[in-house]
Each structure stands twice: as C-alpha cells, then as structure tokens.
2 protein chains.
Amino acid sequence: MNDRVTLRDVAREAGVHASTASRALNPETRGVVSETTVHRVLEAARRLSYRPHAVARGLRTNRTMTVGMVVPDLENPLFPPIVRGVEAELGGAGYSILVGNTDNDAERLRTMVASLLAHQVDGLILATAAAHDDLVDELVERRVALVLVNRFAEDVPTSAVVGDDRAGIELAVAHIASLGHRVVGHVAGPGVLSTGRVRAKTFLEAAIRHRLDVDPGLVEEAGWFQVEPGRHACLALLDRRPDMTAVVAANDLLALGCYAAAAQRGRHVPQDLSVTGYNDMPFVDLMEPALTTICVPYREMGHVAGVSLLELMRRNPDLPSPPAETIRLTPSLTVRASTAPPRS
Amino acid sequence: MNDRVTLRDVAREAGVHASTASRALNPETRGVVSETTVHRVLEAARRLSYRPHAVARGLRTNRTMTVGMVVPDLENPLFPPIVRGVEAELGGAGYSILVGNTDNDAERLRTMVASLLAHQVDGLILATAAAHDDLVDELVERRVALVLVNRFAEDVPTSAVVGDDRAGIELAVAHIASLGHRVVGHVAGPGVLSTGRVRAKTFLEAAIRHRLDVDPGLVEEAGWFQVEPGRHACLALLDRRPDMTAVVAANDLLALGCYAAAAQRGRHVPQDLSVTGYNDMPFVDLMEPALTTICVPYREMGHVAGVSLLELMRRNPDLPSPPAETIRLTPSLTVRASTAPPRS
DNA sequence: CGACGTGCCGCAATCGATTGTAGCGGCGAC
DNA sequence: GTCGCCGCTACAATCGATTGCGGCACGTCG
C-alpha cells in the first residue's frame, strides 16, 4: 500500500535534498537550481513516476487549486452548459471543480458552502443566489473569491455574470411587433425569482414602446417555470382576451405550455397564435412547431464567470476592494416556426 | 487574513492540549475523553466558530472525503441525472464531488484522472470507459476504488452500474410485435460504443424470438447518436424496405431523426410508421407525436453507483479481492403516441 | 591577499490535524 | 503498604511538500 512515491524518494534517487527537488520540479523556482541538477531531478521523477501530493501542497501553500460550484438543479438544462463553461475555463488553468446540487434548498446550500470552504477551495461560483442573501454577505465579509452566475445579489457588491433579460425580452417583443401583432400577452415567470420579475417589467415597457395594446389583463403570472403552469396561465389569457394573437412567454417551458393551451382552445400555432420562448433549451427546435425563442449564451456565461474568478483569485485578498462588476451577456433571437404575422 | 481558527486555538480556549481537543471533536474518539472536557471543547469550538481544515486532516488521515466523477459530456441529458444521483448519495455520506468533462477526448480523460488522483480523491466514478481501456486497467492495478457507470469494461473486473440494454430492447420489440408489426427496422447506434453494439445484437435476437421479418437490410447503423445520422439511416431503411411499418431506434435522438425521415417520405407517425426511442430524454414527451421510448433510471444509476463506491471505499484496500459485480438496472417501457398498430 | 558577491544547495521550520505512546493521579487488591 | 490497572490527558511524531535562511565554494575585484 505504501508504494506512494514522495518528493524525498525523488530527491534520494537524484542525490539531492528534498527542497532542491521541490525547486527543480516547480517551474517557478526552477531558476535557482543548476541546469544539470534540474535534469537529474526530472529524470528521477520520471523514473519513479512521481506524482505530487496536491493535498500536502495545499496545506503548505494555502492554495488547493480547486474551486467550488453550486447549482440549484443540474437537471435543469440551463445549468450543464454553465458548469461546462466554467469547467473548461478553470480546468485549462489547472483547477478542479467541486460541484454541489442544492435542490433549491437554502439549508443544503449553507452546508454545502461550508463543506467547500472546509476543503479550502480557492474560489466559489454560485448559481443559486437569491436576490437578498445573507450567505453572500457572509462570504463577501470573509473575503472569499466569489462569482455569482445567472442570478445576482442586489445589495452586496459581488462579481456576477448574467444574461441581459431586458435586452432579450426587448428582442422578443420587437420581433412580435414587427410581424404586425398588436394584442400581445405575456406569460410571466414566478415573481419570487429575479428573472420572472425583470422579464415581466421589461415586457410592459417594451409593449409601450412598441405601441402594443397595454392591458394588465394581458399579463398572467405562472406559479413556476414549468409546462403545466404555463398552460394554465395561457388559458387565462386566451379566455380574457380572445383577440390576442401572440404570446411572449418568460421561458421555453412556459411557451410549451402555451402550445398546449392553444391546442386546447382549438387554435393553431403560429397561424392563430404566435408564441415566443426564452432560453433556447435543447430540443425546442425539434418541437412542432419549432419554437422561436431567445438564445442565452449559457456556455459563455460559464466561461466569463471562470475568467472573472481567475481574476479574483489572482488578486491579493487583502488589497484594495475589488471592482465587483456585473457582466451582462447579450442574448440573441432565434426565429423558428412558432411565430408568424397575425391572420387578419 | 490569518483569522483562521485552528484546533490549537480551540484547545487553548478550552484549557486542554490540541490532541485532546481533536479527540473531543471527533465523534469516533470522543469516548476516551471525559464528558466535562468534551463539553468544554465543544463550547470553545462554538465560541470561536472553529471550522476544521479538511486539507490538513486529509494529509494526516489519507482520506479527503472527496470523490472524482468524470463524464464525457455534461450537456448530454443522460449524465446530469447520474451526477445528481451520485451527488445525493455520496453527499449524504459527507463526500464532495469533483467533476470533470472530457468531451470524449481520451487524452483529457487521462490528465483529468491524474489530477483527481493527485488531489487524493477517495474514489472514482467514470462514465467514460470504453469497452477496452488501458486507463481502467491501470486504476484497478493501483487499487483505486473505482465504479464504472453507464458503460462497462469488458476485460477487467470492475464494479459497474449500467442499464440493462438487452431487457430494454426486448421491451421495445415486444411492444412493437404485440401491436402486430412484422416488418420492423432498427436504426442502430455506432458500433464503437458498447450500447450501440449490444442494442443491435439484441434487436436481432428479439426479432427472431418474436418471429419478425429478419433481414439484414432492416438494420442500418447511424454514425453517431444524433438526429441527423438517425434521419439518414431511417431514410435508407425506408427506401430499402418500403413495406416497413415500424422502427426501433437505439436512442431517442435517432428516433427523432426517424420522425424527420418519415416526414420527408410523406409518411405519418404513427399511422404509417411506428417509432420507438431509447432513454426517455427530457421533453420527448412533448414532441409531436409524443415518443414511445424506453425509460432508463439514470438517477437511480447514480445512486447505486454511489452506494457501490461507498462500499468499495469502506473496504480495506489490501484485503481480499473485491467482488466486482456488474449491476444492471432494468428499464421500463413508456408508451406514448408514436406507436400504433400497422395500418393494413 | 583578503573581502565580498554570486550561484547552488541543504537545513529545518511550517502548514493543521491526527494518533501512538507515555505519564499522572487515584483506586482497588493482595 | 505496594503494585498494578484504569481513566484521562499531554507530548511529540507524522503526513508531504514548500520556503526563508544560512552556508559552502568559487570567482572577482580592490
């Protein structure tokens, strides 16, 4: 069992002291060791197939080359691309990623973050932050290198990478308006989530700007970002305003709920009702009809978050306050088959 | 910055030696410390809000309470449920999960595993193993606690948790046969993947057993588990055997390719062509028509893999050879709208 | 010829927690 | 009365790598 090759073994094999071997192995400090010695050490390490012991290194250097990432639900297709982007960026820089799944449970989030910090992660990426979150406060207080992704905290200055929801909804409304629609509904997401609120608010603003029919009855909030609530909400809209010719949904699943509602009321998408989604989830291009939706660059979001975190970790932690910028990634519109000019 | 509270601080606060504090804090060894001392130490730890230093502990105990998990592609909807299952199971036991994404790149896989081992993970779960894999050999050789998931290695004895592909295909063929189909095609997955091969082989066996028309022309291999290759393969089948009334696809994406192919040849699913998929990916129930498919319990796969790994890690590594069992989870058939009796 | 600098390397401390062993006081048994 | 044991705690080694500091040898310059 004790076949582990340590630095001392390498040093002995190379006929030098362990400290010298350490310096020879580390590109940073390699300069202070003579070239021939470096060569001898490298050779010895290769012969013994030496593998550095990251834990021991971490204890001494206080840097573990690991970062923690917490998401609410990995099975929500939103998050895998983000994780992947983060992983690609940080993995390239030599970091490994510890991931956790909270199931939207604040308690699990706390224990998870505690565990990650106990493991001495060098940084943290949270995709779980609520708008006001004591945990985030605390982490900032403790000067943990922290980046929020997809959501952001409103009170505390933190680096965050999010999609520009305002721009996205604006794109959707502009598209619908340009097709000639005037009576346009909005199936809103739950008001407890920042995404739900921001998109609803922006919808109203954009509706005004595009001179659509502005009527509180044309907005219906779905209780959750799922198909079934979306169907219900859309039914309510259709029944209140039978003259409605288009719906901007706050999310793809809600949009698919609108498909169901339209079918239920005997209306065809897009001839009788245009529908737009949000997120461009996988496979919505294979739906019947293929969904016109807002494409958010989630993968890039992960990349950018990774870059930000690298930046933060590089910075000396007890130097001037960090800039804490919120980066908004601009989404794009993907027009497919679920939108068309109104029939009349 | 050096506000970290160490065990010695707690010990000093409680008026005992660090070793005593350590024993008092650890439930395992708490028995050897007097009750009053335990209380004093716990109290002191609470007052100072002491957080154990997992890295230091790991160095001493050789157990980091972390496990590595490597998947080929997190964006493939197959894998998130598995990761989640693993995370739930091992997280409950106090472990954290280091995840890596290989993009199906063998080289990345190697460096990733090397990195994980350098971080002294206590165990490893691989969802990336090819049928014959030197890496797996090497890991077994080095007595790493290892569980394969979703795929398995054929030559080396390793614990593995997989779906029972034979049972799944059998279910699909039985369903199709019971509807009365006799001329049934198979869009096979790539032969380089064990899943592709096994499913194709089983399809033939099941076809014989159910007295279907057995004709090599009724099997067409798709180059990759994607929609487009599926479409091509299905077109080939339709053109070779216009009398074909049903297709068993080796995968949901291939099945969606079959939808496209059928549409292209002016045939309606399911009236003119029944189609079954495999995996029950998210949202295939929302397709038009909703896909009849084989549901594989991926989340449970993760759970079981986690349990197996816990078992392996508990075991003393240099004791008798491990059992190395392959656990097959039985899939189920979900009948939706893409299958129907043949028209004639 | 001696002082000093420079290039390389070894020594030992250190990171924070765990653990084998030794020590210490008190009690019971012979 | 003494020995041994028991319950509890302290000491110190240890895990493996990193790093400040000091020292040695050699070369250069005054």
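Throughout, protein chains are lettered first and strands after them, A, B, ... in sequence-line order, and every chain is numbered starting at 1.
- Between B:R57 and C:dT18 there is a side-chain polar atom (N or O) within less than 4.0 angstrom of OP1 or OP2.
- Under the side chain to side chain contact (heavy atoms under 4.5 Å, CB included) criterion, B:A106 pairs with no residue at all, not counting sequence neighbours.
- Between B:E75 and A:R299 there is a salt bridge, with a side-chain nitrogen of the basic residue lying less than 4.0 Å from a carboxylate oxygen of the acidic one.
- Of the charged side-chain nitrogens involved, at least one lies within less than 4.0 Å of a carboxylate oxygen, so that A:E138 and A:R110 count as a salt-bridged pair.
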Per-nt protein contacts along nucleotides 22-27 of chain C (heavy atom under 4.0 Å; B base, S backbone sugar-phosphate only, - none) come out as ------
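- Heavy-atom distances under 4.0 Å link DNA chain D to A:S19, A:S22, A:R23 of residues 14-43 of chain A, given in residue order.
- When rounded to the nearest whole Å, the span between CZ of A:R60 and P of C:dA12 equals 16 Å.
- Counting non-hydrogen atoms of other residues, nucleotides and ligands closer than 6.0 Å to CZ of B:R47 gives a total above 12.
- Taking atom CG on B:N62 and atom P on C:dA17, their separation rounds to 17 Å, with Å as the unit.
- Taking atom CG on A:L59 and atom P on D:dT14, their separation rounds to 17 Å, with Å as the unit.
- Judged as a side chain to side chain contact (heavy atoms under 4.5 Å, CB included), and not counting sequence neighbours, the contacts of A:R57 are A:P52, A:T61.
- Not counting sequence neighbours, the partners of B:S115 by the side chain to side chain contact (heavy atoms under 4.5 Å, CB included) test are A:S96, B:H119.
- B:R63 places its CZ atom 23 Å from the P atom of D:dT14, with the value rounded to the nearest Å.
- Atom pair B:L7:CG and D:dC15:C1' shows a separation of 16 Å (rounding to whole Å applied).
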Using side-chain hydrogen bond (donor to acceptor under 3.5 Å, both in side chains), reason through B:R63 and B:Y95 one step at a time and then give a plain yes or no.
CA-CA 10 Å; B:R63 308 191 58 219; B:Y95 287 87; 2.8 Å; yes
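- Considering only residues two or more places apart in sequence or on other chains, A:N76 meets the side chain to side chain contact (heavy atoms under 4.5 Å, CB included) condition with A:D73, A:L78, A:F79.
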